[in-house]
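We name chains A, B, ... by the order of the sequence lines, and we start the count at 1 in each one. Just so you know, these numbers use all the heavy atoms, side chains as well, and skip hydrogens, waters and symmetry mates.
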Amino acid sequence: MIEARGLRRVYGEGATAYEAVRGIDLDVTEGEVFALLGTNGAGKTSTFDLLEGLASPTAGEVAVFGLDPVRDRRQIRPRVGTMLQSGGLPAELTVTETLEMWRGTCSNPTTVEDVLERVRLTDRADVRVAALSGGEQRRVDLACALLGQPKLLFLDEPTTGLDPESRRGTWQLLADLKSAGVTMVLTTHYLDEAEALADRVAIMHRGEIVVCGTLREIVDSQPARITFDHPGLALPPLRGAEVDAGARVTISTHDLQGHLSELLGWADDLRLQLSGLEARAASLESVFLRIAEGDRTSATTAVPMGATA
Amino acid sequence: MTTTTTTTPTPSRMRPLVALANAEYLQFRRNRTLMFMGTVFPIAIPLLPYVIGRRTGGSTPELAATALEMVAYITVVFVQYYSVLSMITTRRGEGVLKRLRTGEAADWQIKTAPAVPGALLTFAGAAVVAAVVYSTGAPAPVNVLAMVLGLAGGVVVFTLLALLTAAYTKNAEAAQITSLPVIALATAGLGSLRAVFPDNIAQVLDWTPFAAVSDLVAIGALGRPLSAPDADAVGFAASFGELGRPVATLVVWTVLTLVVVQRSFRWDDRG
């Protein structure tokens with residue numbers, strides 16, 4: 001449904017030029033939910049602009065439904081719903097007026113009442129957008145994206161500013177859309193959101209996709225960690241063990257159960273109490289943090305960039 | 001990459017424009033400053049000197065033409081140009097333009113919609129002033145078509161000038177400064193001002209957008225431009241022969257600004 005190859009986006013020229021997207025490849029297949037994660041300034045929104053056809057790439061190619069999102073905008077738009085990162089709603093219109101305006105631009109719209117119910121804003125229909133909370137404004141934005149009954153949804157941080165209950169409600173709505181066959185590309189700062197919704201995840205850092213794959217592929221590619229305070233004895237010969245300056249031992253392993261059994265067996269034999277013992281499987285959060293901290297090497301070796309499901 | 005051809009439902013081409021223009025009208029109506037500038041201002045300012053002048057010298061064709069030129073000036077410069085500039089920069093700052101561009105409305109419809117309320121008020125204001133002027137004894141206009149053409153051309157050119165100015169205007173506050181060159185140029189195009197400029201300067205000013213609007217309105221009302229007080233007034237048939245330069249001026253400005261707007265228009269403050 002979406003194919004991108006060697007996408008680049010450069011802002012400005014000459015000495016002030018800034019390369020926000022640095023040659024990324026990605027594929028999104030029909031019916032899947034693809035999450036684009038990354039630190040602030042990683043290039044997610046710039047990538048979205050290229051996929052949505054709001055900007056032309058400086059280099060590279062992108063196709064949505066097999067069409068060029070800039071050149072073939074008129075053919076693509078009726079099948080796409082978009083929610084931008086922020087703003088975009090006229091402050092002085094009421095919720096209903098905003099949705100009626102948006103509905104008037106759609107070629108195959110559902111009713112305003114339908115989308116209001118889906119985003120649970122029926123009771124706020126006559127309130128001006130300026131008087132809504134940030135979370136409610138996000139839900140109006142989502143309602144606009146749904147009005148045209150899209151086959152593909154671009155959602156840029158869809159639940160930012162929502163309270164926990166509204167977030168869950170939005171997750172359920174997105175899950176229902178997925179069940180109905182709607183393809184989604186979303187960005188989020190909430191890793192639990194990506195874990196709950198996404199079939200595949202890509203993590204961007206400094207304009208590049210550093211890892212890409214299913215949640216399982218990404219997590220399995222990273223080592224688990226066992227940590228404990230150094231007992232002051234010679235340690236068992238476990239691979240990947242390191243001792244930091246604070247005398248804290250860290251063992252990085254892809255065989256958490258085996259290494260942990262071995263370590264505990266060794267401690268039992270010596271009747272040793274391992275103080276501060278912690279064992280943690282890899283998680284999306286740990287992968288993300290390693291990338292954010294610039295530990296690209298360990299992350300990129302595991303799952304190749306641009307991998308597809 | 002493969003290319004697929006698909007068919008999608010085709011709504012009425014004008015439907016998005018109607019929806020966007022209606023939303024713009026609702027917002028315009030809720031902005032008291034814009035509403036005052038769009039209703040009271042363009043009617044009261046031209047009628048005040050007309051009423052005073054009529055008491056002393058009667059309803060002359062010159063007085064009627066001056067009142068109609070003034071309503072054209074206020075509406076195309078302040079109601080149309082300034083309000084479109086202000087609305088476009090505000091919408092861009094709020095991210096509305098970029099958001100609308102993610103939908104099915106065409107670019108030209110998104111750019112045109114903010115011009116609709118001002119255009120309607122321009123014609124409404126002109127109609128009210130004309131009704132007052134011609135119902136209080138002013139001689140009938142020479143060529144109504146020329147007047148309508150001037151007003152319509154003015155609305156188009158000054159809308160395009162607003163879109164052009166928006167390209168280098170950061171926000172609605174900055175518009176107070178960036179609009180000054182266009183306002184100054186339009187003011188210099190007033191017939192009464194051109195009449196007092198030296199000939200070589202007046203001849204250059206004849207080719208400015210508001211000068212063309214002024215001449216069309218004055219030829220329609222009076223049979224000659226207000227900038228040529230010594231010229232003979234022409235009748236209906238001969239008036240068409242006088243329309244060439246002002247119409248050509250509006251066409252040239254329309255084409256030039258359209259080309260520049262296509263290249264310079266910014267949908268997003270981010271660039």
- request: Quick one: which of B/Gly103, B/Ala23, B/Gly93 has the most heavy-atom pairs under 4.5 Å with chain A, could you say?
  value: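 The residue among B/Gly103, B/Ala23, B/Gly93 with the greatest pair count is B/Gly103.
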
Mind listing the side-chain donor-acceptor pairs of residues 156-165 of chain B below 3.5 Å, one per line with the distance, residues two or more places apart or on another chain?
residue	atom	partner	partner atom	Å
B/Thr159	OG1	B/Gln80	NE2	2.9
B/Thr159	OG1	B/Val155	O	2.6
B/Thr165	OG1	B/Tyr81	OH	2.8
B/Thr165	OG1	B/Leu161	O	2.6

First locate atom [atom1] of [X], then atom [atom2] of [Y], and finally report the distance between them rounded to the nearest 0.5 Å.
X	Y	atom1	atom2	result
A/Glu92	B/Arg29	CD	CZ	12.0 Å
B/Leu26	A/Met101	CG	CE	10.5 Å
A/Leu54	B/Asp268	CG	CG	8.5 Å
A/Glu52	B/Arg101	CD	CZ	11.5 Å
B/Arg99	A/Ser86	CZ	OG	11.0 Å
A/Glu97	B/Asn22	CD	CG	8.5 Å

field: Interchain contact, B/Leu97 with chain A, by part (heavy-atom threshold 4.5 Å)
entry: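 It is neither, since no heavy atom gets under 4.5 Å.
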
Surrounding OH of B/Tyr25 (heavy atoms of other residues, nucleotides or ligands, distance under 6.0 Å), is the total greater than 12?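 Incorrect, the count does not exceed 12.
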
Q. Is the backbone N or O of A/Pro90 less than 3.5 Å from a side-chain atom of B/Arg91, with the two atoms forming a donor-acceptor pair by type?
A.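 No; zero donor-acceptor contacts below 3.5 Å.
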
Minimum heavy-atom separation for A/Thr105 and B/Glu104, please, with both atom names.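 Looking at all heavy atoms of both residues, the shortest contact is O-CB, 3.0 Å.
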
Identify the two heavy atoms, one from A/Gly104 and one from B/Ala19, that lie closest to each other, and give their separation to 0.1 Å.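 Shortest heavy-atom separation between A/Gly104 and B/Ala19 comes out as CA-CB, 3.6 Å.
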
Residue [X] versus chain B: region with a heavy atom under 4.5 Å:
X	value
A/Pro109	side chain
A/Asp141	both
A/Arg73	side chain
A/Leu93	both
A/Ala55	neither

